[in-house]
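Presented below is the structure to which this report refers.
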Amino acid sequence: MAEKLSKVEKEKIRMKKPLRTAVHPTRLIAYLVQLAIVLYMYDFLRNFFMMIVVTIVAAAPVLDIIALIFVYRSVEVRILAPENRVLRKSVAYLEFELSNKSLMVSYDVCVKLDAENLLYKDESGTIISLPCSARNKYVKQLPVRYMMNGIYRYSIKTMTVRDLLGFVSLKKNADTSTEVYVYPEKDSQAEMNLSDMSRGMTESEETMKKGHDFSDVSDVREYIPGDKLMSIHWKLSAKRDILMVKDRVAMSDQQMVVLIDLAGNDEMVDEVVTLAYAVVDRFVREQTYVRLMWWSEGEFAFKEYQIMSHDDLNNAYSMMYYSNIYSDGQKIREYMRSIKPELKAYVNICMHNGKADAVVVEQD
């Protein structure tokens, strides 16, 4: 199938007419003409065969509408994304599953597919025609090339079922949706010089994400007054009937603070998001823990995630994709200075001199 949904140069799929319940007068007129011809032939020939033909032609619309009602009540559609986590610039498939439990058929079941990138608020749509056979399930795959990062939400809210003679199309509500998470491609993680970014290192905070700390367990010992409750080994304490704690050795007391600037148009933000992914992933691979931040316009606050692994990075991006992009990046740096004055410096991934760049910002 030639249809594809993409974000190449922000080309949007042209929206067709919305699906609706409708009567098709052209088909009705054609049928009435045929019926008139059959009646004329019967009146002229006056034979048994033409009487059978007239009966069949006259009864066809009634049988057709009855069959349409059975199909309308039985047909269901579902949309699936077998691959819901993909890389940018890759091709994945959407899967449409049309099931019909009745013995009747329809050659024209249309579903209205809506697509939206939640990060950039880009919307598009198309109408897809699917065959509907008796007591069967039809599966169709649609290839999609993802050219921008973000969460792509696909939904089908309405469908129409058309009778075999083409007289009537009945609209039916459908409620099925799926989401695809698109992350920057691996080849974007080019080698980069991180030495200049060392000034963005800051002391780690114990109040960060629960369960994450920069230490490793070296031994287990009995509890000493003053030990932190979070260090208690509860399972071992229950077995020995005495409090036991994990003795930890510090691995690092510093972390890299990275602020992603979601300012600009869609293409600019996408470049920034892609570069930030490469920078943070590189830090993680070099065992430098990252405090990833971005500004949430909806909550009017900075969102913060501790990144200690590649999975942490993907999870943080999944949450960031629900944010709104904004126009002024300078105000975010001002917010950082007033809301986070304890940060002496941080790495700001933003548009700089017309391209995405990592800039170290030192706060007074």
Side-chain angles (χ1 to χ4, degrees), residues 1-24 68 71-72 75-100 106-132 137-163 166 168-183 262 265-270 273 298 318 320-325:
M1 181 177 178
E3 299 103 321
K4 290 185 179 180
L5 302 178
S6 67
K7 294 293 179 182
V8 183
E9 297 179 354
K10 295 190 67 176
E11 292 181 358
K12 294 185 177 180
I13 299 176
R14 181 174 61 89
M15 179 71 72
K16 298 182 180 180
K17 292 182 179 180
L19 297 179
R20 57 189 175 86
T21 298
V23 177
H24 305 283
L68 173 62
V71 174
Y72 176 83
V75 69
E76 300 290 342
V77 67
R78 190 165 63 133
I79 183 172
L80 304 169
E83 300 177 75
N84 65 346
R85 293 178 180 268
V86 301
L87 299 179
R88 194 181 67 150
K89 297 184 179 179
S90 66
V91 176
Y93 287 87
L94 289 178
E95 193 169 276
F96 301 88
E97 186 180 277
L98 185 72
S99 60
N100 176 23
S106 173
Y107 295 130
D108 190 11
V109 175
C110 293
V111 298
K112 181 176 177 292
L113 175 65
D114 295 315
E116 179 186 7
N117 186 313
L118 300 186
L119 177 60
Y120 304 116
K121 303 300 183 289
D122 288 337
E123 299 181 9
S124 61
T126 188
I127 295 175
I128 300 174
S129 180
L130 303 171
C132 178
K137 183 181 294 182
Y138 176 79
V139 177
K140 182 180 186 64
Q141 289 188 329
L142 180 72
V144 182
R145 182 179 294 276
Y146 296 95
M147 298 304 297
M148 298 186 76
N149 301 296
I151 299 177
Y152 287 76
R153 176 176 292 167
Y154 300 97
S155 60
I156 297 175
K157 297 181 180 179
T158 58
M159 59 191 296
T160 61
V161 183
R162 194 167 182 174
D163 64 308
V168 182
S169 294
L170 295 182
K171 180 179 176 181
K172 183 176 182 179
N173 292 330
D175 186 14
T176 178
S177 63
T178 188
E179 293 182 347
V180 177
Y181 295 79
V182 182
Y183 302 103
L262 302 178
N265 59 37
D266 295 359
E267 287 77 10
M268 294 166 61
V269 172
D270 206 63
V273 168
S318 298
M320 183 181 66
Y321 287 158
Y322 287 102
S323 302
N324 296 328
I325 63 177

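Keep in mind it's a predicted model, so treat the numbers as computed, not measured.
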Sub-3.5 Å donor-acceptor pair from the side chain of [X] to the main-chain atoms of [Y], do we have one?
X    : Y    : answer
R145 : K89  : yes
T176 : I79  : yes
N117 : N149 : yes
T21  : K171 : yes
K140 : I128 : no
Y107 : R162 : no
Y154 : V180 : no

Does the distance from a Lys or Arg side-chain N to an Asp or Glu carboxylate O, for E76 and K172, drop under 4.0 Å? yes
Decide, yes or no, whether a salt bridge links E97 with R78 under the criterion of side-chain N to carboxylate O below 4.0 Å.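 Yes, this pair counts.
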Rounded to the nearest 0.5 Å, what separates atom [atom1] in [X] from atom [atom2] in [Y]?
X    : Y    : atom1 : atom2 : result
L113 : F96  : CG    : CZ    : 4.5 Å
I127 : M159 : CD1   : CE    : 12.5 Å
T160 : K112 : OG1   : NZ    : 12.0 Å
Y152 : D122 : OH    : CG    : 8.0 Å

Would Y183 and S318 count as having a side-chain donor-acceptor pair, cut-off 3.5 Å? yes
Show your reasoning for whether side chain to side chain contact (heavy atoms under 4.5 Å, CB included) applies to L262 and V273. CA-CA 8 Å; L262 302 178; V273 168; 3.9 Å; yes
